[in-house]
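Here is the structure we will look at, set down as structure tokens.
Starting from 1, each residue takes its place in the sequence as its number. Just so it is clear, the model here is predicted, and its values are computed rather than measured.
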Amino acid sequence: MADLQQAVAHVNAGRWPEAEKHARKVLAARPSDPSALNVLGTIALNSGRSDDAIAWFEKAASGQPKNPFIQFNLGEAHRRLQAYEIAATFFQRAAALKPDFAEAFAAAGDAYRLIGRRSDAERCYRSALKRAPALPTALNGLGLLCLQSGDAAGAAEGFDRGRKATPAGHPLRAILLANLGLARLQLGHGMEGLALLAQAVEAAPGDAEAWRRLAGALRHTRLAPPTPAFREILLQLFDRPDVNPRNLATAAIAVLRQQPEIDRLLESIAGAPGQLAETLEREATTASQLIQDHLFQTLLATAPVPDVAIELVLVQLRADLLRLTEGAAERLEEELSIAIGLARQAFLNEYVLFAAPAEQTRVASLITDLDREDLGQRAGDLTKIAIVAAYRPLAATPLAARLRGAALPFLADLLREQLSEPDEEAELRARLPVLKPPTDAVSRAVQQQYEQNPYPRWTRCSLGEPLPFRRAVQNALPDLPAGDIPDLARPRVLIAGCGTGLETMRVATTYRGASILAIDLSAASLGYAMRKAREYRLTDVEHLQADILDLAALEERFDLIDSFGVLHHMEDPAQGLRNLAGLLSSSGLLFVGLYSEIGRRAVVEARAHIARAGYRDDADGIRALRRSLMLDGAPPALQAVMSPASDFWTLSDCRDLLFHVNEQRFTLPQIGAMFEVAGLEFLGVQFGHTADRTRYLAQNRRSGALRDLRALHRHELDHPEIFGDTYRLWARAKRSPQ
């Protein structure tokens, strides 16, 4: 008995080797001892060997079949293998053997929730809370069910009770803080919600999901908790490889504006953009404070700046630095850091900043001067190179050949972005397989646009843990019965229009084990996508240059076809849809993103304004439009397309948003008719926010409301913002009557 007691004591203390040594001593004397077998199962479970744990627990259970704790451990081992249905069976068995075992009821609830059996999950959670009213796992699970059903207030109440029941250091505290923050955000309490999400990160700094959850909540926000701790958290988010820095840009600007003098400066510029130079001269100290701010410089180097006033500051700052190149070298040496930041920002926004002709003339002279010099480590020369790179990509200058491979540590990031990475894309493009060159006139025009302006440009993407195929689809379509979704370990996915690879990353990080074929018209976009796939070590992705109109030549069929934001740029989107439908496997699913006629009204008005004014659909035309809107003021109809959330802030984004060579828009009934002709069954539309879905269901209570395209259309007419400017729609091939 002494060895068994010591084994249990070591297990409770997490000393696995010592616990195993004493458990094996027990088994040497009593080979079927259930307690010793349970100890070895617990050791295996906590060492990441769930299969071994199940074997040990099953042996233990054969000796003590009515031991609730062994049954619970079996459930936990299956849960870690994501065999949730089996796990729920064991948790329920444990609860039946020990009716006051609240934790077993809660664990069964979690398992049922994860496989979409909500009523069973709720029953188990309530059984747990009946026995232990403050049990954090049950309160958290019930809160998640409330969130899924759109009851943010009920969810917040449960999460808050759970938070109050968990002291600092409790493993669930960070999760409850984060979930409470999300519920508060849904209730419209933005500042409190963000503060709670930040607290979750502080409570569990090693939890990657907590950081990603906070980053997701910050996307397009204009709020930020006014604390030094939040500023530091934001800076750490900018450094994370699993967070898209573009999601942090508006929060960074909100933090910068928390300094009253900087807020006044930016408001002055926004109120009188034509007096930019005078304002900056008058407020030189404040402007310097902004420019030297570490958060500001981090933003410049990592994400396009979605703010008119700050962009105007950058335009003036760049011109001022260019003028310095005509003076003493000592002044230039002091400006190296900000010149590099400006150059990196310019490359990120694809040189969308407008420049006076005199500036371009001076840049050309500066390039000529530098090309004659011996480029060394002098800070003044490095600053000049960075200033050139703030006006045009280095790869497009005569300096490129001399800078490739140059040992210039201060410019390392700049040279990587502007020379090494484009060179890598060119090398990958040279080996790109081509199905066949496009012959359709519109396809060729669209291809040309994206060869010139691959879209979207991105540096890092938001990552997450991919889920089994069925669970991932259920998250998107929670009302679709699980039996209607194939349970696939390795789904074969076609991304029809992958662009620069951001869609590929979304698919790869959503569906576990996905094998992906990513196609696009544009070789430039595919080269970018291939470089990013290599960077993120995606090994199960093939790239192919192809037109959707030619995909009938593919002999295989796909479990999922993902085509977001593509069909509406075809001459005949209905034909494109039919082509994709013909590539679905018998149980395959289709996810498409199509422009909304209702949600895109502001863009339609903006495109009409552009046509009347005669702006060309090239870089100079885009810069001219943006200069006019910023300096002369935007008509009310165009202000929406200049929001921080819009695709206004880079050259390729703005071209895709306002200058696309071919754009078509739809209403939901029109899409329904297209689905019908293509032999597709509409499965549902994803709402941007749970609250929007809840509001729709509250007004449309009948069965099947989520698949009623006409009811959804009527709702969108009353709430034009509900789907944004792009519908996210699911369908599958129509099934023959049984």
Side-chain angles (χ1 to χ4, degrees), residues 82 114 174-175 178-179 181-182 185 194 197-198 200-202 204-221 233-252 298-299 301-304 348 413 416-417 421 424 454-476 489-491 493 495 498-518 525 528-543 560 562 564-565 591 593 686 688 728:
Q82 298 185 343
L114 289 169
I175 293 171
N179 288 339
L182 293 174
L185 288 174
L194 293 175
L197 287 164
V201 164
E202 292 178 300
D207 182 357
E209 187 55 37
W211 289 92
R212 292 193 288 262
R213 201 178 286 120
L214 173 59
L218 291 173
R219 186 168 182 259
H220 303 325
T221 184
I233 286 172
L234 190 57
L235 284 166
Q236 291 180 61
L237 279 170
F238 270 111
D239 284 338
R240 290 189 65 89
D242 57 348
V243 168
N244 187 337
R246 291 184 74 157
N247 290 349
L248 312 175
T250 53
T298 299
L299 174 61
T302 53
L348 285 168
D413 288 332
R416 170 181 53 79
E417 292 166 350
E421 291 178 352
E424 182 182 357
Y455 168 86
R457 296 273 183 175
W458 57 286
T459 54
R460 299 198 304 270
C461 68
S462 298
L463 300 178
E465 289 298 323
L467 298 174
F469 186 76
R470 176 175 284 175
R471 274 189 61 204
V473 175
Q474 278 190 303
N475 284 350
R490 283 186 54 77
V493 182
I495 304 178
C498 68
T500 54
L502 204 52
E503 291 300 305
T504 308
M505 292 300 303
R506 177 179 60 78
V507 169
T509 58
T510 299
Y511 307 102
R512 179 181 299 159
S515 167
I516 299 170
L517 174 62
S525 297
Y528 197 105
M530 293 163 77
R531 175 176 66 78
K532 298 303 284 185
R534 177 186 284 180
E535 179 184 325
Y536 279 92
R537 296 184 174 87
L538 296 186
T539 57
D540 214 350
V541 178
E542 308 162 71
H543 293 89
L560 171 66
D562 186 297
F564 187 83
F591 173 71
Q686 287 181 236
R728 291 159 170 79

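- Of all non-hydrogen atoms in Arg213 and Leu182, the two that sit nearest each other are CD-CD1, 3.4 Å.
- Atom CD1 in Ile495 sits 8.5 Å away from atom CG in Leu517 (nearest 0.5 Å).
- The distance from atom CG of Asp413 to atom OG1 of Thr302, rounded to the nearest 0.5 Å, is 11.5 Å.
- With rounding to the nearest 0.5 Å, the separation of CZ in Phe469 from CG in Leu560 is 5.0 Å.
- In terms of heavy-atom proximity, Thr459 sits nearest to Pro245 at OG1-CG, 3.6 Å.
- Counting all heavy atoms, side chain and backbone alike, Leu237 lies closest to Ala215 at CD2-CB, 4.2 Å.
- Here the CG atom belonging to Leu248 is positioned 11.0 Å from the OG1 atom belonging to Thr221, to the nearest 0.5 angstrom.
- Closest of all the heavy-atom pairs between Leu348 and Ala303 is CD1-N, 3.4 Å.
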Taking distance alone, no hydrogens or angles, what donor-acceptor pairs closer than 3.5 Å link side-chain atoms of residues 498-508 to residues at least two apart or in another chain?
{"unit_1": "Thr500", "atom_1": "OG1", "unit_2": "Pro456", "atom_2": "O", "d": "2.4"}
{"unit_1": "Thr500", "atom_1": "OG1", "unit_2": "Trp458", "atom_2": "NE1", "d": "3.4"}
{"unit_1": "Glu503", "atom_1": "OE1", "unit_2": "Arg506", "atom_2": "NE", "d": "3.1"}
{"unit_1": "Glu503", "atom_1": "OE1", "unit_2": "Arg506", "atom_2": "NH2", "d": "2.5"}
{"unit_1": "Arg506", "atom_1": "NH1", "unit_2": "Asp562", "atom_2": "OD2", "d": "3.3"}
{"unit_1": "Arg506", "atom_1": "NH2", "unit_2": "Asp562", "atom_2": "OD1", "d": "2.9"}
{"unit_1": "Arg506", "atom_1": "NH2", "unit_2": "Asp562", "atom_2": "OD2", "d": "2.8"}

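- A heavy-atom distance below 4.5 Å is found between the side chains of Leu218 and Leu234.
- Atom OG of Ser462 and atom CG of Asn247 lie 4.5 Å apart (nearest 0.5 Å).
- A 4.5 Å side-chain heavy-atom check between Arg240 and Arg460 finds every atom pair outside the cut-off.
- Note that CZ of Arg512 and CZ of Arg470 are 14.0 Å apart. Values are rounded to the nearest 0.5 Å.
- For the ring pair (Phe, Tyr, Trp, His ring centres under 6.0 Å) test, no residue two or more places apart in sequence or in another chain qualifies with Tyr455.
- Between Tyr536 and Cys461, the shortest heavy-atom contact is OH-N, 3.2 Å.
- Looking only at side-chain heavy atoms (C-beta outward), Arg531 and Glu421 come within less than 4.5 Å of each other.
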